[in-house]
Asker: 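Can you keep this structure in mind? I'll have questions shortly.
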Amino acid sequence: MSERLAVRKTYKLFIGGAFPRSESGRSYVVTSSKGDFLANAARASRKDARDAVAAARKAFPGWSGATAYNRGQILYRIAEMLEGRRAQFVAEITAFGGVGAKQAGDMVDATVDRLVWYAGWSDKIGAVVGSANPVAGPYFNLSSPEPTGVVAVVAPQEGPLLGLVSVIAPVIVTGNTCVVIACERAPLPAITLAEVLATSDLPGGVVNILTGSPAEIAPWLAGHMDVNAVDLTGADPELAVTCEELAAENLKRVLRPPAGPVNWLADPGLERMTAFLETKTVWHPIGV
Amino acid sequence: MFEYAPAPESRDIVDIRPSYGLFINGEWVEPQSEERHKTVNPATEEVLAEVAWAGEADVDRAVQAAAKAFPVWSALPGAERAKYLFRIARIIQERSRELAVLETLDNGKPIRESRDVDLPLVAAHFFYYAGWADKLAYAGFGPDPRPLGVAGQVIPWNFPLLMLAWKIAPALACGNTVVLKPAETTPLTALAFADICRQADLPPGVVNIVTGAGATGAALVNHPGVDKVAFTGSTEVGRLIARGLAGTRKKLTLELGGKAANIVFEDAPLDQAVEGIVNGIFFNQGHVCCAGSRLLVQESIADELLEALKRRLGTLRLGDPLDKNTDIGAINSAEQLAKIRELSEAGEAEGAERWSPPCPIPDRGYWFPPTVFTGVAQSHRIAREEIFGPVLSVLTFRTPAEAVEKANNTPYGLSAGVWTEKGSLMLWMASRLRAGVVWSNTFNRFDPASPFGGYKESGYGREGGRHGLEAYLAV
């Protein structure tokens with residue numbers, strides 16, 4: 001009796017809550033680190049990038065206007081869904097190669113824990129980085145953080161799952177929406193993550209995931225006038241300079257690539273959240 | 001309108017030297033650059049002094065002095081740095097009358113504003129950040145937040161000494177050393193501040209002042225020895241700086257232009273709103289990045305409000321900035337006056353209706369009367385571009401949602417104003433306006449404890465308050 005032939009998955013983009021192929025019809029071959037064929041992934045085009053920005057912009061008012069409690073619960077829900085697919089992620093990470101099942105499992109666990117950590121921040125970050133300001137006059141004066149808007153993220157080119165979630169979660173937990181360019185060589189966990197996101201009550205468009213070439217896609221996003229910020233964590237130095245220059249056109253907030261290798265297991269701190277927060281200060285006179 | 005006898009503040013209190021060098025490493029030095037320019041009193045076109053325009057070699061010398069001073073200054077216990085800053089705050093208070101007159105002479109702003117707004121805020125800013133210098137571990141940036149190094153700071157001409165305070169006070173409190181470039185048309189109070197640093201016995205090189213124009217500023221922000229760049233000025237220059245810093249590890253904060261909406265609802269207290277509108281756009285001749293330059297008034301009260309506003313504008317006194325009764329001073333420079341004229345002419349050409357109260361204009365100097373444009377469409381240049389002058393563009397709206405839509409319809413996002421007696425509406429508006437500062441039932445209030453800075457193309461980073469420390473710490 002012959003062995004049953006497996007039903008393979010088609011890896012597509014994730015835009016506005018849907019899974020389209022690249023409108024360009026382009027795809028590229030994803031191989032394991034040993035060179036074995038794994039899948040054909042979509043190679044996102046400029047049009048895809050623009051569609052993703054439009055979807056992120058459309059989702060922004062609703063997501064930033066949701067209560068922090070609601071956003072926190074949805075991030076927690078993502079963690080729940082991811083936990084349920086633990087085996088699938090372990091399989092994808094080990095298929096790519098370079099890590100054993102134990103190590104891959106640890107990474108998935110750390111990813112789930114990271115999501116839970118960020119979920120709890122949704123209704124606390126305002127208390128930590130906001131302030132009631134004692135001005136010298138009869139005024140009520142309150143500063144509070146607000147999301148910057150649409151953030152374009154170049155995901156780390158190592159750590160295809162933990163690194164990816166570690167850059168997405170801090171952006172969205174505070175109410176931003178994003179367009180993420182997945183790790184180019186190992187994009188498959190990113191698309192499986194999209195399947196998790198799609199089943200986690202996360203409104204469509206809050207996270208949009210593009211696979212393909214960061215060198216090609218990132219400059220389109222960095223120069224896009226309806227993008228408010230760029231996270232260049234996964235950009236190589238040359239690409240980072242190009243993107244930072246393009247970002248200056250509408251004064252996007254820029255999170256530069258880290259100076260050295262990142263330990264994604266370390267305490268992330270607040271930096272990835274505060275990089276994409278604006279401070280709004282409201283004054284009102286006090287009187288009778 | 002009452003007639004007032006002239007009440008000019010005496011200018012004898014200031015001692016302006018005929019010519020100034022650069023303040024580097026605690027000393028006045030002769031620049032290597034041979035370029036020198038005159039700074040004039042914009043109210044009279046009288047030459048006040050000649051200042052150097054520093055070249056690259058001069059900037060390099062200043063940055064090296066700051067770099068040399070950094071290890072010592074940053075290693076001082078915070079409590080010691082604090083004491084220097086408290087000292088500076090006190091000297092500013094002691095010399096505030098002199099500095100106010102000097103600011104008014106060089107800038108053209110009414111003495112009432114430099115005396116009652118600028119100088120008190122300058123002293124308060126140093127006093128505020130002095131207190132942070134030994135408390136940084138409690139500021140929420142980790143247990144031992146470190147300074148960045150040498151800060152290159154470029155400031156504008158609209159609030160010369162106040163912008164200096166906003167830049168230097170937090171930088172020094174955090175342990176950085178600075179090279180500051182004042183604007184080319186208003187260098188005198190920064191040069192006076194150099195003398196204050198000497199009176200305070202501030203260690204040499206901690207504060208360096210280099211005068212000059214755009215090329216000097218460019219040399220400073222692009223100098224490889226600078227670790228932190230802070231700029232206040234136009235969005236256009238801010239963009240250039242941001243682009244130039246791409247690929248460096250320099251930390252950048254930008255406080256740029258604005259086109260703030262001042263939104264008046266039908267239930268607003270009208271007289272207070274009129275005062276707020278006047279303060280919003282005619283304070284400091286409208287040379288204010290957060291000026292309420294777009295009045296959005298609810299249609300049902302537009303006629304009544306405009307009538308009251310025009311009546312009030314008829315009582316504004318334009319003239320000698322040193323006169324204590326003056327409300328509107330001089331435009332800071334011929335160049336700025338030309339820009340205001342050009343945009344006002346575009347307003348007329350595009351079909352808006354222009355109005356100014358009867359207002360005698362002095363024969364000499366740079367002046368522009370308070371001006372109101374009605375019938376302004378969102379597409380008009382005077383509704384989109386920053387005029388940076390005493391020119392108000394009036395638009396109307398019907399619903400709160402429309403007000404939000406119009407207010408946010410700008411690439412800028414520095415400030416906004418909301419006038420309503422209904423608290424829930426005020427907070428609803430405040431939460432939807434994409435602006436860094438929202439003044440409700442007030443306008444143009446500033447305080448060292450209150451963070452200031454913009455959304456979108458108005459820049460990034462905050463100045464003032466605990467938030468203002470972040471710009472000068474390695475976090």
Side-chain angles (χ1 to χ4, degrees), chain A residues 60-61 64-65 128-149 222 225 228-229 232 237-254 256-259 269-271 274-287, chain B residues 120-121 124 128 140-142 235 238-249 252 254 256 272 411 413 415 417-418 423 426-427 430-443 445-462 464-467 470 475:
Chain A
F60 181 68
S64 59
V128 171
V129 303
S131 56
N133 307 307
V135 295
Y139 294 94
F140 166 87
N141 181 295
L142 196 75
S143 294
S144 41
E146 286 191 349
T148 295
M225 293 298 276
N228 301 100
L232 300 175
E238 196 187 337
L239 179 61
V241 174
T242 303
C243 289
E244 196 175 339
E245 284 173 350
L246 287 163
E249 187 55 31
N250 65 340
L251 294 155
K252 290 178 185 71
R253 285 77 178 114
V254 176
R256 290 176 177 146
L270 302 183
E271 189 203 355
T274 57
F276 307 112
L277 287 172
E278 308 290 324
T279 298
K280 176 182 279 175
T281 300
V282 179
W283 293 66
H284 196 281
I286 297 169
Chain B
L121 283 172
Y128 177 83
F141 301 111
T235 291
R239 253 192 271 282
L240 284 177
I241 293 175
R243 200 171 289 135
L245 263 52
T248 71
R249 301 308 294 185
L252 175 63
L254 298 169
L256 309 174
Q272 286 175 42
S415 66
V418 181
M426 183 279 280
L427 292 171
S431 68
R432 277 161 182 77
L433 292 167
R434 300 291 287 167
V437 183
V438 177
W439 286 294
S440 31
N441 293 327
T442 185
F443 209 91
R445 298 290 152 200
F446 307 95
D447 193 280
S450 179
F452 183 91
Y455 282 39
K456 301 193 284 186
E457 294 185 29
S458 289
Y460 34 76
R462 291 292 176 271
R466 184 195 71 84
H467 294 79
E470 187 179 350
V475 287

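The shown structure was predicted, so the numbers you read here are calculated from the model rather than taken from an experiment. All heavy atoms count here, side chains included; hydrogens, waters and symmetry mates do not. Each chain gets a letter, A, B and so on, in the order the sequences are listed, and its residues count up from 1.
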Asker: Who among A/Thr242, A/Leu251, A/Val241, A/Thr148 has the most heavy-atom pairs with chain B under 4.5 Å?
Answerer: A/Leu251
Asker: What part of A/Tyr139 gets within 4.5 angstrom of chain B, counting heavy atoms only: side chain, backbone, both, or neither?
Answerer: side chain
Asker: Return the CG to NZ distance between A/Leu232 and A/Lys252, rounded to the nearest 0.5 Å.
Answerer: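 That separation rounds to 10.5 Å.
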Asker: For residues A/Pro145 and A/Val129, report the shortest heavy-atom separation together with the two atoms involved.
Answerer: CG-CG2, 3.6 Å
Asker: Given a strict heavy-atom distance threshold of 4.5 Å, which part of B/Pro411 is in contact with chain A: side chain, backbone, both, or neither?
Answerer: neither
Asker: Applying side-chain contact (heavy atoms from CB on, under 4.5 Å) between B/Val418 and each of B/Leu427, B/Asn441, B/Leu433, report the one that passes.
Answerer: B/Leu433
Asker: Is it the backbone or the side chain of A/Pro147 that comes under 4.5 Å from a heavy atom of chain B, or both, or neither?
Answerer: backbone
Asker: Would you check if the side chain of A/Lys280 reaches a backbone N or O of B/Ala430 as a donor-acceptor pair within less than 3.5 Å?
Answerer: yes
Asker: Looking at A/Leu270, A/Leu246, A/Asn141, which has the largest count of heavy-atom pairs under 4.5 Å with chain B?
Answerer: A/Asn141
Asker: With a 4.5 angstrom heavy-atom cut-off, is it the side chain or the backbone of A/Glu249 that approaches chain B, or both, or neither?
Answerer: both
Asker: Heavy-atom pairs under 4.5 Å with chain B - which of A/Ser144, A/Pro237, A/Ser143, A/Gly137 has more of them than the others?
Answerer: A/Ser143
Asker: Only pairs of heavy atoms separated by less than 4.5 Å count here; which of B/Ser415, B/Gly244, B/Ser440, B/Gly142 has the most with chain A?
Answerer: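 When all of B/Ser415, B/Gly244, B/Ser440, B/Gly142 are compared, B/Ser440 has the most.
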Asker: Is it the backbone or the side chain of B/Arg432 that comes under 4.5 Å from a heavy atom of chain A, or both, or neither?
Answerer: backbone
Asker: Looking only at heavy atoms and a cut-off of under 4.5 Å, which of B/Gly140, B/Gly454, B/Ala449 has the most pairs with chain A?
Answerer: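 Top count of heavy-atom pairs under 4.5 Å with chain A: B/Ala449.
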Asker: Under a 3.5 Å distance rule, please check whether A/Asn133 uses its side chain to pair with a backbone N or O of A/Val135 as donor and acceptor.
Answerer: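 The answer is no, because no donor-acceptor pair under 3.5 Å joins these two groups.
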Asker: Mind checking whether B/Trp439 and B/Phe446 have parallel, tilted or perpendicular rings, split at 30° and 60°?
Answerer: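 Answer is perpendicular, since the angle exceeds 60°.
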Asker: Less than 4.0 angstrom from a charged side-chain N to a carboxylate O is my criterion; do A/Arg256 and A/Glu244 meet it?
Answerer: yes
Asker: Please list, chain by chain and in numerical order, all residues satisfying side-chain hydrogen bond (donor to acceptor under 3.5 Å, both in side chains) with B/Arg434, sequence neighbours excluded.
Answerer: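 In terms of side-chain hydrogen bond (donor to acceptor under 3.5 Å, both in side chains), with neighbours along the sequence ignored, B/Arg434 is linked to no residue.
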Asker: Tell me, side chain or backbone of B/Leu240 under 4.5 Å from chain A's heavy atoms, or both, or neither?
Answerer: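 Neither the backbone nor the side chain of B/Leu240 comes within 4.5 Å of chain A.
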Asker: Which bit of B/Arg466 is near chain A, if near means a heavy-atom gap under 4.5 Å: side chain, backbone, both or neither?
Answerer: side chain
Asker: Is it the side chain or the backbone of B/Ala124 that comes within 4.5 Å of chain A heavy atoms, both, or neither?
Answerer: neither
Asker: Using a 4.5 angstrom heavy-atom cutoff, name the option from A/Met225, A/Glu245, A/Glu146, A/Arg253 with the most pairs to chain B.
Answerer: A/Arg253
Asker: Answer with side chain, backbone, both or neither: which region of A/Ala240 has an atom nearer than 4.5 Å to a non-hydrogen atom of chain B?
Answerer: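 Contact with chain B involves no heavy atom of A/Ala240 at all.
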Asker: Identify which of B/Gly238, B/Gly465, B/Ala435 forms the greatest number of heavy-atom pairs closer than 4.5 Å to chain A.
Answerer: B/Ala435
Asker: Measure across A/Gly149 and A/Phe60 and return the closest heavy-atom pair with its distance rounded to 0.1 Å.
Answerer: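 Scanning both residues completely, I find the closest heavy atoms to be CA-CE1, 3.5 Å.
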Asker: By side-chain hydrogen bond (donor to acceptor under 3.5 Å, both in side chains), which residues pair with A/Thr274, not counting sequence neighbours?
Answerer: none
Asker: Between chain A and each of B/Gly464, B/Pro451, B/Ser458, B/Ala242, count heavy-atom pairs under 4.5 Å; write down the option with the most.
Answerer: B/Pro451
Asker: So which part of B/Thr248 gets closer than 4.5 Å to some heavy atom of chain A, the side chain, the backbone, both or neither?
Answerer: both
Asker: Against chain B, label A/Ala247 side chain, backbone, both or neither, depending on which of its atoms sit under 4.5 Å from a heavy atom there.
Answerer: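 It is neither, since no heavy atom gets under 4.5 Å.
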Asker: Quick one: closest heavy-atom pair of B/His467 and A/Ser131, and the distance?
Answerer: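 It is CE1-OG, 3.4 Å.
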Asker: Relative to chain A, which of B/Gly459, B/Gly453, B/Gly461 shows the most heavy atom pairs under 4.5 Å?
Answerer: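 Answer, by heavy-atom pair count under 4.5 Å with chain A: B/Gly459.
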Asker: What verdict does the side chain to side chain contact (heavy atoms under 4.5 Å, CB included) test give for B/Arg462 and A/Glu278, after you've listed the backbone C-alpha separation in whole Å, the side-chain angles of each residue and the deciding distance to 0.1 Å?
Answerer: CA-CA 9 Å; B/Arg462 291 292 176 271; A/Glu278 308 290 324; 3.8 Å; yes
Asker: At a 4.5 Å cut-off on heavy atoms, which part of A/Val254 comes close to chain B: side chain, backbone, both, or neither?
Answerer: neither
Asker: Side chain to side chain contact (heavy atoms under 4.5 Å, CB included), that's the test. Do B/Val437 and A/Trp283 meet it? Break it down for me.
Answerer: CA-CA 8 Å; B/Val437 183; A/Trp283 293 66; 3.9 Å; yes
Asker: Looking only at heavy atoms, which two atoms of B/Asp447 and A/Pro134 are closest? And how far apart?
Answerer: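 Reported closest heavy-atom pair: OD1-O, 4.4 Å.
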Asker: Heavy-atom pairs under 4.5 Å with chain A - which of B/Arg445, B/Met426, B/Arg243 has more of them than the others?
Answerer: B/Arg445
Asker: In terms of heavy-atom proximity below 4.5 Å to chain A, should B/Arg239 be classed as side chain, backbone, both, or neither?
Answerer: both
Asker: Side chain, backbone, both or neither: which part of B/Leu256 has an atom under 4.5 Å from a heavy atom of chain A?
Answerer: side chain
